[in-house]
Amino acid sequence: MASLTSLGDEALIALDTVSERATSFFYPNVRLGVTGLSRAGKSVFISALVHNLIHGGRMPLFEPAHNNRISKAYLEPQPDDGVPRFAYEKHIEDLIKNQIWPESTRAVSQLRLTIEYETASGWGRFFSRNKLHLDIVDYPGEWLLDLPLLRKDFATFSRESIARAKSEKRTEIASEFLSLADKLESNTEADETAVRELSDSFKTYLANCRKDELALSTLPPGRFLMPGDMEGSPALTFAPLTNVTDHAEPGSIQAMMERRYEAYKTLVVKPFFREHITRLDRQIVLIDAMQAINAGPDAVADLERALVEIMSCFRPGAGNLLTSLWQRRIDKILVAATKADHLHHESHDRLEAVVDRLVKNVTISAGFANASIETVAMAAVRATKEATIDDGGEKLPVVVGIPAKGERIGDEIFDGIRQTAVFPGDLPDDPEALFRMESMPQQRFVRFKPPKVERTAEGITLSLPHIRLDKALQFLLGDRLQ
């Protein structure tokens with residue numbers, strides 16, 4: 001990623017790191033990045049992680065919790081005053097009281113969780129400070145897909161975007177945008193109305209790519225889908241051109257598009273990279289593999305492309321005692337397939353094999369030689385229970401829960417109230433089948449409502465149920481709580 005930053009950028013990054021190391025001298029901190037594409041469950045993951053640690057949830061695979069070495073965990077003011085606070089309390093209210101899923105991540109947010117613990121050895125207990133600040137940074141995965149743009153000029157961006165729009169899976173939903181783009185000559189005089197009309201059409205096309213029936217993932221520029229407070233600004237009002245040239249005429253539409261594209265990289269993409277991505281120690285990438293499987297092989301292949309691009313944006317590697325004083329590297333990356341509770345546990349190993357296949361092209365990259373990458377199939381909040389039903393003498397493993405209102409299986413549309421047993425089918429033994437149309441399994445995974453959280457006889461709300469959240473925490477934090 002060195003090519004994404006200048007010497008000046010690297011100097012600022014080093015100053016930020018030195019400053020943070022100085023302030024965390026007495027009590028170390030870990031900055032955990034949480035990202036994923038839309039509807040992967042970032043807000044649910046963070047809420048469940050914090051809720052289980054604060055309330056002493058059952059986590060047998062998280063060694064410090066299993067051995068009762070965590071004295072307590074609690075929220076504290078976050079260190080970055082210029083970053084919005086993650087809405088933990090609102091999300092927990094939605095999950096437990098309202099039984100609705102939290103709103104999706106729309107921008108960067110942060111939360112600090114302080115963990116007080118006993119070290120694993122008696123000798124360590126004598127010297128250890130026994131406190132760790134966990135700074136959780138939540139950000140949309142769509143924004144990561146913008147970072148490769150820093151290496152590309154406008155002509156390259158245009159050619160790649162138009163090629164994707166003309167691909168078999170996208171050409172129909174991109175037809176209006178492509179029609180408008182074909183009518184614009186790149187070297188005609190700049191016209192604000194025409195540029196805005198083309199930009200709006202391009203954004204509509206990108207938004208339609210995310211619908212369930214397509215579930216496509218590679219959709220830069222990411223801020224076009226989540227503009228935040230920059231919505232309507234010139235830096236977010238451009239689009240690729242079909243007849244782009246290598247040299248734009250001054251005052252032309254292409255010259256205007258190029259200027260705004262470069263402004264987007266300068267004002268939006270590069271600050272996001274420097275202020276957030278370069279400051280991370282650990283990273284979890286959440287993916288909704290089952291949504292892609294629902295949509296077919298093209299969506300699965302597109303998820304793989306998006307995942308490769310996302311992972312290529314990190315700064316992986318293991319630092320040493322000296323270099324870590326001014327340089328931060330991500331030494332552990334976890335790729336997690338969410339919503340494992342939508343499958344019977346007999347298919348969880350197969351779901352994990354799918355994730356292994358998706359990240360294969362990343363793990364063989366030389367840039368990750370000094371970073372540890374793991375995969376897991378998990379559900380940060382378990383919305384179903386398992387059961388077995390008799391179907392004409394055949395025993396079928398099912399999951400039981402309340403499908404969200406509007407979910408459909410065949411001709412049946414669920415009302416969001418009635419509990420239902422669903423046979424989700426089996427994932428293939430060979431994950432390569434998901435990339436081939438002729439061998440694609442006929443499956444339909446439905447979304448379930450959050451579970452009703454149980455209470456004790458004294459009326460105390462128990463922690464949120466999960467599947468392998470503890471395994472994820474052990475990989476991400478276990479070594480920092482020794």
Side-chain angles (χ1 to χ4, degrees), residues 1 32-42 45 139-148 215-220 222 277 280-318 329-340 342-343 347-380 427-436 440 445 467-469 471-477:
M1 295 301 291
L32 171 65
V34 180
T35 196
L37 299 174
S38 178
R39 301 169 94 173
K42 297 178 290 295
F45 172 81
Y139 62 95
E142 286 82 356
W143 293 9
L144 274 180
L145 293 175
D146 284 347
L147 295 183
L216 298 174
S217 305
T218 312
L219 305 170
I277 304 304
L280 298 176
D281 300 302
R282 302 279 164 91
Q283 177 69 53
I284 181 169
V285 181
L286 304 170
I287 62 171
D288 187 353
M290 287 185 288
Q291 184 188 25
I293 293 170
N294 271 349
D298 287 333
V300 175
D302 199 64
L303 175 60
E304 179 188 32
R305 284 191 293 271
L307 192 56
V308 169
E309 292 209 7
I310 285 174
M311 300 278 282
S312 70
C313 297
F314 299 137
R315 294 162 69 100
R329 294 286 176 182
I330 299 176
D331 59 351
K332 287 194 174 186
I333 301 172
L334 181 66
V335 182
T338 59
K339 305 175 186 176
H342 292 32
L343 287 168
S347 283
H348 288 181
D349 287 346
R350 296 178 182 183
L351 179 58
E352 199 161 297
V354 171
V355 188
D356 288 337
R357 167 61 182 81
L358 289 170
V359 302
K360 181 175 68 174
N361 289 334
V362 178
T363 55
I364 62 177
S365 169
F368 287 86
N370 295 320
S372 178
I373 301 177
E374 294 287 344
T375 60
V376 67
M378 62 172 287
L427 291 175
D429 290 325
D430 180 8
E432 289 293 339
L434 300 177
F435 292 81
R436 301 191 298 267
M440 187 73 178
F445 304 108
I467 298 175
R468 300 187 192 90
L469 175 64
K471 183 178 180 180
L473 286 176
Q474 179 61 27
F475 174 74
L476 292 168
L477 297 176

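Just so we're clear, the structure is a prediction, and the values are computed from it rather than from any experiment.
- Scored by the salt bridge (Lys or Arg N to Asp or Glu O under 4.0 Å) test, Glu304 finds Arg357 as partners (sequence neighbours excluded).
- One finds the CE atom of Met311 at 11.0 Å from the CG atom of Leu358 (value rounded to the nearest 0.5 Å).
- Across all non-hydrogen atoms, the minimal contact from Asp146 to Pro220 is OD1-CB, 3.9 Å.
- Of all the heavy atoms in His348 and Ala377, the pair that sits closest is O-CB, 3.8 Å.
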_Is there a side chain to side chain contact (heavy atoms under 4.5 Å, CB included) between Val285 and Leu144? Walk through the geometry before answering._
CA-CA 11 Å; Val285 181; Leu144 274 180; over 6 Å; no
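- The distance from the CG atom of Leu37 to the CG atom of Leu307 is 8.0 Å, given to the nearest 0.5 Å.
- Judged purely by atom type and a 3.5 angstrom limit, Thr338 uses its side chain to pair as donor or acceptor with the backbone of Ile287.
- Between the CD1 atom in Ile373 and the CZ atom in Phe314 there is a gap of 9.5 Å [rounded to 0.5 Å].
- Nearest approach of Ala336 to Met378, heavy atoms of both residues: CB-SD, 3.7 Å.
- Heavy-atom minimum distance, Lys339 versus Met290: O-CE, 2.6 Å.
- In this structure, CG on Leu427 lies 6.0 Å from CG on Leu351, to the nearest 0.5 angstrom.
- Taken from CZ in Arg282 to CG in Leu32, the straight-line distance is 9.0 Å, to the nearest 0.5 Å.
- Between atom CD1 of residue Ile333 and atom CG of residue Leu476 there is a gap of 10.5 Å, rounded to the nearest 0.5 Å.
- Val355 and Ala337 get closest at one heavy-atom pair: CG2-CB, 3.3 Å.
- Pairing each heavy atom of Leu434 with each of Val354, the nearest pair is CD1-CG2, 3.5 Å.
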Before you tell me yes or no, could you show the steps for Ile284 and Phe475 under side chain to side chain contact (heavy atoms under 4.5 Å, CB included), namely the whole-Å CA-CA distance, both residues' side-chain angles and the distance that decides it to 0.1 Å? CA-CA 10 Å; Ile284 181 169; Phe475 174 74; over 6 Å; no
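- Asp302 meets the salt bridge (Lys or Arg N to Asp or Glu O under 4.0 Å) test with Arg170, Arg305; sequence neighbours excluded.
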Side chain to side chain contact (heavy atoms under 4.5 Å, CB included) between Glu374 and Val335: does it pass, once the steps are laid out? CA-CA 6 Å; Glu374 294 287 344; Val335 182; over 6 Å; no
Query raised in the report: Between Thr35 and Trp143, does a side chain to side chain contact (heavy atoms under 4.5 Å, CB included) hold up when you go through it step by step?
Result: CA-CA 10 Å; Thr35 196; Trp143 293 9; over 6 Å; no
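- Residues satisfying the side chain to side chain contact (heavy atoms under 4.5 Å, CB included) test with Gln291, not counting sequence neighbours, are Arg39, Asp212, Ala215, Asp288, Arg447.
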